[in-house]
Amino acid sequence: MSDEPKTKPQVPEGKSRFMTTRQKKTSEKGFVGYETTWESWQKEVEYTTPKRP
């Protein structure tokens, strides 16, 4: 076996309708993590009291 450290190829940024995924840098132990960003698809509306009859 070779003594070269194993490396993982760079993955392009993943995009979908409400989510974006980016590859993080490799840690000292060789772990490669991913950063996930969610975009909200719901709208918040300020509550107003209903009219009284």
Show the atom names and distances, to 0.1 Å, of all donor-acceptor pairs under 3.5 Å that link a side chain in residues 40-53 to residues at least two apart or in another chain.
{"residue": "Ser40", "atom": "OG", "partner": "Gln42", "partner atom": "N", "Å": "3.4"}
{"residue": "Ser40", "atom": "OG", "partner": "Gln42", "partner atom": "O", "Å": "3.1"}

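- With sequence neighbours excluded, the residues forming a side chain to side chain contact (heavy atoms under 4.5 Å, CB included) with Ser16 are Met19, listed by chain and number.
- Within a 6.0 Å sphere centred on CZ of Phe31, other residues, nucleotides and ligands contribute 12 heavy atoms or fewer.
- In terms of heavy-atom proximity, Gln23 sits nearest to Val11 at OE1-N, 2.6 Å.
- In plain terms, the two heavy atoms of Trp38 and Thr36 that are nearest each other are NE1-CG2, 3.7 Å.
- Contact of the Thr20 side chain with the Glu39 side chain is registered, since non-hydrogen atoms from C-beta on lie closer than 4.5 Å.
- Listed by chain and number, the residues in a side-chain hydrogen bond (donor to acceptor under 3.5 Å, both in side chains) with Glu13 are Arg22 (sequence neighbours excluded).
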